[in-house]
Amino acid sequence: MSEKTTHFGFQTVPESEKAGRVQGIFGSVASKYDVMNDAMSFGIHRVWKDAMMDWLAPRPGQRLLDVAGGTGDISFRFLARAGEADAVVCDLTEPMLIEGRKRAEAEQMARKLNWVVGDAMALPFPDNSFDVYTISFGIRNVTRPQEALSEAFRVLRPGGRLMVLEFSQIPNDLMQKVYDLYSFNIIPRLGEAIAGDRDSYQYLVESIRRFPDQDTFLQMIKDAGFENTGYRNLSLGIAALHSGWKI
């Protein structure tokens, strides 16, 4: 029986290879990851992450699991707003976590923060362990996103909340074409100039185009068992926030 395949950007690869390739990409760009985020989005990713916190409304006493948490952006924001709370940053790529630990916020929040290497499709945590599960610009890199959503449902406590921030699709065809021109022509060049890595950012652009649109992804969240689901477009739909509750 032939092995199942999946997409890696515009390439088709065996499922068994995707995680390793993703690790290779993020290991390669880890030291320049935060700088590249600012350059690619003109700093707008910070506005999107703040919008995520506005909708999430962190509260004292909550326990956050931030999957594909990279260098800690979401966890830092969550803890700053929640006050006395705890967060776990979980990422498949250890060099990203190492970069996150170097940030000033990591030292300031060390008592409330843990860093764990782990796979979104097989989380190393017991059932019903967290009040909040976030994943920011990470789920499109998972080999089987539906399994990651099922794992999110498993580790959340009853009453817990899922929130996903991810690049999405602009519902206006003309605006999407303009954005595509920018993405395919500028972002890989920025990657080469800033991170010395054009290929990784070519993959990033391609992976965004392969990710499901807002309504399709919303249905995936429902299929994982979440209720009271919804989404909000950010910057015309360049990114979107999806929310769901484990009832």
Side-chain angles (χ1 to χ4, degrees), residues 1-30 32-42 44-45 48 67-68 70 91-93 95-96 119-121 135-149 164-221 223 231 233-242:
M1 185 179 294
S2 60
E3 184 179 354
K4 289 183 178 180
T5 59
T6 187
H7 57 82
F8 181 77
F10 289 164
Q11 300 177 52
T12 299
V13 299
E15 281 193 346
S16 60
E17 290 185 12
K18 181 165 181 177
R21 290 187 178 216
V22 169
Q23 278 183 294
I25 279 177
F26 286 95
S28 169
V29 304
K32 299 292 185 181
Y33 181 76
D34 293 320
V35 174
M36 271 300 297
N37 279 348
D38 281 331
M40 287 187 302
S41 72
F42 303 101
I44 295 171
H45 76 100
W48 295 339
V67 175
D91 201 287
L92 188 66
T93 307
M96 292 287 285
D119 185 341
M121 298 188 300
I135 183 165
S136 174
F137 303 119
I139 200 160
R140 75 180 188 283
N141 298 314
V142 175
T143 304
R144 295 183 293 278
Q146 192 67 59
E147 288 186 20
L149 292 171
V164 182
L165 172 59
E166 188 52 88
F167 291 112
S168 199
Q169 308 298 326
I170 302 174
N172 181 293
D173 288 343
L174 178 59
M175 291 299 296
Q176 183 67 51
K177 286 179 181 177
V178 171
Y179 179 55
D180 284 348
L181 281 171
Y182 165 75
S183 298
F184 283 98
N185 289 287
I186 302 300
I187 289 177
R189 293 177 184 177
L190 282 174
E192 186 170 26
I194 295 173
D197 189 338
R198 184 188 185 98
D199 291 346
S200 292
Y201 286 92
Q202 182 71 33
Y203 159 77
L204 180 146
V205 173
E206 293 175 1
S207 69
I208 292 168
R209 298 307 173 275
R210 295 298 298 266
F211 192 70
D213 65 22
Q214 289 89 325
D215 290 310
T216 303
F217 187 59
L218 185 68
Q219 186 59 52
M220 292 172 66
I221 290 172
D223 290 345
Y231 69 82
N233 282 332
L234 303 172
S235 301
L236 304 175
I238 291 175
L241 282 168
H242 283 76

Taking atom types as modelled, find out whether [X] and [Y] have a side-chain donor-acceptor pair closer than 3.5 angstrom.
| X | Y | value |
| --- | --- | --- |
| Thr6 | Arg144 | no |
| Gln176 | Asp180 | yes |
| Gln202 | Arg189 | no |
| Thr216 | Asp213 | yes |

Nearest heavy-atom pair of [X] and [Y]: which atoms, and what distance?
| X | Y | value |
| --- | --- | --- |
| Leu165 | Ala239 | CD1-CB, 4.3 Å |
| His242 | Gln214 | NE2-O, 2.9 Å |
| Asn233 | Tyr231 | OD1-CE1, 3.9 Å |
| Val142 | Ala148 | CG1-CB, 4.0 Å |
| Ser235 | Ile44 | OG-CG2, 3.9 Å |
| Met220 | Pro145 | CE-CB, 3.9 Å |

Heavy atoms, side chains only, cut-off 4.5 Å: are [X] and [Y] in contact?
| X | Y | result |
| --- | --- | --- |
| Tyr201 | Ile186 | no |
| Thr5 | Val13 | no |
| Tyr182 | Val178 | no |
| Ile238 | Trp48 | yes |

Steps toward side-chain hydrogen bond (donor to acceptor under 3.5 Å, both in side chains) verdict (Tyr179, Asn172): CA-CA 11 Å; Tyr179 179 55; Asn172 181 293; over 6 Å; no
Neighbour count above 12 (heavy atom, 6.0 Å) for Asn185 CG: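 Correct, the count exceeds 12.
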Centroid-centroid under 6.0 Å between Phe211 and Phe167 rings: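 No: the rings miss the under 6.0 Å criterion.
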Residue from Asp223, Ile135, Ile139 passing side chain to side chain contact (heavy atoms under 4.5 Å, CB included) with Leu149: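 Result for side chain to side chain contact (heavy atoms under 4.5 Å, CB included) with Leu149: Ile139.
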Pair Lys4-Glu15, salt bridge (charged side-chain N to carboxylate O under 4.0 Å, His left out): steps then yes or no: CA-CA 6 Å; Lys4 289 183 178 180; Glu15 281 193 346; 5.6 Å; no
Audit row: Gln11, Arg210, side-chain hydrogen bond (donor to acceptor under 3.5 Å, both in side chains) steps and yes/no: CA-CA 10 Å; Gln11 300 177 52; Arg210 295 298 298 266; over 6 Å; no
Glu206 (side chain) donor-acceptor with Phe10 (main chain) under 3.5 angstrom: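 Yes; judged by distance alone, with no hydrogens or angles, the pair exists.
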